[in-house]
Amino acid sequence: AYIFAYQRRGVANPVPPPASLHQSDIPVDLTTETEYLPTMKLCSYVSDTVTTVITLGDYLKLERTTWLNDVIVYFRLQHLWMTVLSQEQRSAVHIFSYVFGPAFTRNVSGHELDQPPTRALALQMHTQVARHTRHVDLFEKPLVLWPIREGDHWFLIVAVNLNTNNAILFTLNSYGSHGERVELLSHIKGYLNLEFTKKRPGMDPPHINLVVTDPPQQTDGSSCGLFLLQYAETLFNRCCYFTISKQNRILK
C-alpha cells in the first residue's frame with residue numbers, strides 16, 4: 001500500500017477497467033521483462049464493502065511531475081480510513097467516490113455553477129447523485145469528504161459536524177481556488193439541504209456555515225493529489241477534536 005501512497009505518481013483519468021479485462025488475479029512480478037497489459041490487475045484493497053482494484057497501468061503512472069489518477073486517490077483515501085481511524089471513528093466519517101463530482105455537475109453549465117443554485121437546478125443536481133447516499137445518512141457523520149478533480153487538478157471539499165446545527169463546509173485547495181467554481185460550495189450546501197429533507201421529511205435542515213480556508217500550498221504543478229491526501233490524513237489524525245459521539249459528547 002505504501003508504494004502507492006508515497007511514490008510520486010502520474011495520471012490519466014481512467015476508471016478501473018472491468019474485472020473481465022484483467023489478465024490475471026495473481027499479483028504481477030515487476031522484476032521480469034515480460035510486457036504486461038496496462039489493464040492487468042496488480043492488487044486490490046478491501047475497505048468495508050468497497051474493493052479498489054489497482055492495475056499495472058495505475059502503477060506505471062506513479063511518476064514524478066505527473067498527477068495522481070482517480071483510482072490511486074480513492075485507494076489511498078480508503079487506506080487512510082482503515083489505518084488511521086479507530087473503528088468508532090470510521091463510522092463517523094464518509095468519503096464520497098471520485099465519480100460524485102462529474103455526476104453532480106453533469107449537464108450543468110459553468111455559468112450556472114458560478115451562480116447561486118435555483119431550486120430547480122438544485123433538484124436536478126441532487127437527483128443526479130441521489131444513488132450515492134441510498135444507504136448513508138450524511139447527517140449522522142461528523143466528517144464528510146468529497147475528493148474533486150477538475151481537469152487535471154485535485155482539491156477536497158469537507159463538511160464538519162453535519163450531525164449538529166452548527167456545521168461548516170469548506171474546500172482545501174493546494175493551488176489557491178484553482179478548479180473551483182465561484183458558487184461551488186453553495187451548490188454543495190443546496191445538495192445537503194435537499195438530502196436532509198429527503199432523509200428526514202418535516203424537519204428543518206441544519207445551519208451550514210461556508211468557511212474560507214488557507215491550507216498549505218503546492219509549489220509545483222503536479223502535487224495537488226498528494227496535498228489532497230495529506231489534508232485528508234491530517235483531518236483523520238485530528239478527528240477526535242471535532243467528531244461527535246452517539247451520546248453527543250465531544251470526543252477529546
Side-chain angles (χ1 to χ4, degrees), residues 11-16 50 52 67-78 93-139 141 143-160 162 167-199 205-206 208-213 215 218 221-222 224-225 227-229 231-232 235:
V11 62
N13 303 304
V15 173
V50 177
T52 303
W67 300 278
L68 296 182
N69 70 5
D70 304 330
V71 178
I72 297 297
V73 166
Y74 191 61
F75 173 90
R76 179 57 174 162
L77 286 172
Q78 292 294 316
V93 176
H94 182 72
I95 305 171
F96 277 90
S97 166
Y98 52 78
V99 301
F100 178 95
F104 185 58
T105 58
R106 187 174 62 247
N107 301 321
V108 181
S109 69
H111 175 73
E112 289 174 311
L113 290 174
D114 285 337
Q115 305 295 323
T118 64
R119 174 73 176 177
L121 182 60
L123 281 168
Q124 172 194 326
M125 296 176 74
H126 180 274
T127 300
Q128 291 175 167
V129 292
R131 66 181 182 83
H132 289 256
T133 51
R134 281 178 299 182
H135 307 297
V136 177
D137 185 350
L138 296 178
F139 300 90
K141 307 293 182 180
L143 180 61
V144 178
L145 305 181
W146 292 263
I148 302 294
R149 180 180 57 79
E150 181 62 34
D152 289 327
H153 183 61
W154 284 100
F155 60 91
L156 193 64
I157 298 176
V158 183
V160 173
L162 285 178
I168 61 174
L169 184 67
F170 55 92
T171 61
L172 293 174
N173 193 329
S174 62
Y175 203 75
S177 59
H178 181 66
E180 300 177 36
R181 307 303 306 199
V182 174
E183 293 291 339
L184 174 63
L185 289 183
S186 295
H187 287 276
I188 295 292
K189 182 177 178 179
Y191 158 80
L192 289 170
N193 286 336
L194 283 171
E195 183 73 8
F196 186 92
T197 58
K198 289 182 180 297
K199 287 282 173 57
I208 301 176
N209 299 286
L210 305 185
V211 177
V212 177
T213 62
Q218 65 188 85
S222 61
C224 53
F227 272 80
L228 180 153
L229 295 175
Y231 296 150
L235 287 169

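Quick note: numbers below take in every heavy atom, side chains included, and nothing from hydrogens, waters or symmetry partners.
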Side-chain heavy atoms of Q115 within contact of L121, under 4.5 Å: no

Given 3.5 Å as the limit, does a donor-acceptor pair link the side chain of T105 with the main chain of V108, or not? no

Any donor-acceptor pair under 3.5 Å linking the side chain of R76 with the backbone of V73? no

Are P147 and W154 packed together at the side-chain level, in the sense that at least one heavy-atom pair is separated by less than 4.5 angstrom? yes

Only counting residues at least two apart or in another chain, list the ones meeting side chain to side chain donor-acceptor pair (under 3.5 Å) with E180. T171, N173

For E195, the side chain to side chain donor-acceptor pair (under 3.5 Å) test, sequence neighbours excluded, returns H126, T133, K199

Can you check whether V99's main-chain N or O pairs, donor with acceptor, with H132's side chain at less than 3.5 Å? no

Any donor-acceptor pair under 3.5 Å from D114 side chain to V182 backbone: yes

Give the minimum heavy-atom separation between C224 and S174, together with the two atoms involved. CA-OG, 3.6 Å

Could you check whether atom CZ of F170 has more than 12 heavy atoms from other residues, nucleotides or ligands sitting under 6.0 Å from it? yes

Backbone N/O of S109 and side chain of E112: donor-acceptor pair under 3.5 Å: yes

Could you walk me through whether L228 and L77 pass the side chain to side chain contact (heavy atoms under 4.5 Å, CB included) check? CA-CA 9 Å; L228 180 153; L77 286 172; 4.3 Å; yes

Would you confirm whether K189, through its side chain, and L210, through its main-chain N or O, come within 3.5 Å as a donor-acceptor pair? no

Using the test side chain to side chain donor-acceptor pair (under 3.5 Å), find all partners of S186 that sit at least two apart in sequence or belong to another chain. E183

For M125 and L113, which heavy atoms make the closest approach, and how far apart are they? CE-CD2, 3.9 Å

Interatomic spacing from CD1 in I157 to CG in L184 - rounded to 0.5 Å: 4.0 Å

Test side chain to side chain contact (heavy atoms under 4.5 Å, CB included) on L156 and F227 and set out the steps. CA-CA 9 Å; L156 193 64; F227 272 80; over 6 Å; no

Quick check: does any side chain N or O of R149 sit under 3.5 Å from a backbone N or O of G151, one acting as donor and the other as acceptor? yes

Smallest heavy-atom separation, E150 atom then G179 atom, equals CG-O, 3.3 Å

Kindly say whether the aromatic ring centers of F100 and Y191 come within a distance under 6.0 Å. yes

